[in-house]
Amino acid sequence: YIRMTEILRGVDGSQTVLAPHHGFRKFVQAKATEIGITGAIQRYHHSDVRISYEGTASQVNQFIHFLDLCRGHGMISVVDQVAHHSVEARRFHDFFIDRDLNYTVVNGGRLLKGTYSDGNEFDK
C-alpha cells in the first residue's frame, strides 16, 4: 500500500453546491470511499485542509487524478506533499472527516470558524 499526507491550500468548497455532498471535505470523503481509499481529512488552517490517505497504487493514482481535477476546476490552489510512504498494512479502516479540534491545534492549524460545521456552509 501507499500512504500519502498532503496539505491542500486555497480550498474553495462553495463549488460543491450542486454536488450530492455539500462541502469540500464531504465531497472528497465521498470520492475516496468510491475509489476505496482510506484515510482522514481535516481543516488545517484558514482555507487549507490536511489529508492523509492510503490505498493500492491504482487507488492512489485515481485519487491523485481526482485531486488534480479539483485543482483544475479551482477548488484547490496548491497541493503540498508532506509525506509519501510504502506500507505493508493500512492504518485506516475507512475515510473520515476528522473534526477533533485538539488534533488540529497540535498540528499547527488554527480554526477560524469556531466549532466544526457539518458542511452545510461549504466549509473546507
Novice: For F24 versus G13, what's the shortest heavy-atom pair and its separation?
Specialist: CB-CA, 3.8 Å
Novice: As an exercise, state the distance from CD of E54 to CZ of R90, rounded to the nearest 0.5 Å.
Specialist: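 The CZ atom of R90 is 6.0 Å from CD of E54, to the nearest 0.5 Å.
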Novice: With side chain to side chain contact (heavy atoms under 4.5 Å, CB included) as the test, would you mind laying out the steps for N61 and F66 before giving the verdict?
Specialist: CA-CA 9 Å; N61 286 335; F66 164 72; over 6 Å; no
Novice: Checking side-chain contact (heavy atoms from CB on, under 4.5 Å) against Y53, which of T38, T5, I35, L67 comes through?
Specialist: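 That would be L67.
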Novice: For the aromatic rings, using the six-membered ring if either is Trp, is the centroid distance between F92 and Y1 under 6.0 Å?
Specialist: no
Novice: Consider only side-chain heavy atoms of I, L, V, M, F, W and Y, link residues closer than 4.5 Å, and tell whether V82 and Y44 are in one cluster.
Specialist: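 As far as the 4.5 Å side-chain criterion goes, Y44 and V82 are connected within one cluster.
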Novice: Could you state the interatomic distance from NZ (K31) to CG (L69), rounded to the nearest 0.5 Å?
Specialist: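 Between atom NZ of K31 and atom CG of L69 there are 8.5 Å.
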Novice: Under 4.5 Å between any side-chain heavy atoms of I51 and F63, yes or no?
Specialist: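 Contact flag for I51/F63 side chains = yes.
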Novice: Please round to the nearest 0.5 Å and tell me the distance separating atom CG of D98 and atom CZ of R25.
Specialist: 9.0 Å
Novice: Just to verify, what does D80 make a side-chain hydrogen bond (donor to acceptor under 3.5 Å, both in side chains) with, not counting sequence neighbours?
Specialist: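 With sequence neighbours excluded, D80 shows a side-chain hydrogen bond (donor to acceptor under 3.5 Å, both in side chains) to R9, given in chain and number order.
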Novice: Mind checking the CD-CG spacing from E6 to D48? Nearest 0.5 Å is all I need.
Specialist: 13.0 Å
Novice: State, to 0.1 Å, how close A30 and H21 come at their nearest heavy-atom pair, and which atoms those are.
Specialist: CB-CD2, 3.3 Å
Novice: By side chain to side chain contact (heavy atoms under 4.5 Å, CB included), which residues pair with D94, not counting sequence neighbours?
Specialist: F96
Novice: Return yes when atom NE2 of H84 has more than 12 non-hydrogen atoms of other residues, nucleotides or ligands closer than 6.0 Å, and no otherwise.
Specialist: yes
Novice: To the nearest 0.5 Å, what is the distance between CD1 (I2) and OG1 (T56)?
Specialist: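 Answer rounded to 0.5 Å: 7.5 Å.
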Novice: So H22 and F27, do their side chains get closer than 4.5 Å, heavy atoms only?
Specialist: no
Novice: When rounded to the nearest 0.5 angstrom, what is the spacing between OG in S52 and CD in Q42?
Specialist: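 S52 OG to Q42 CD: 8.0 Å, rounded to 0.5 Å.
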Novice: Can you name the closest pair of heavy atoms from I37 and F95 and give their distance?
Specialist: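 That would be O-CB, 3.7 Å.
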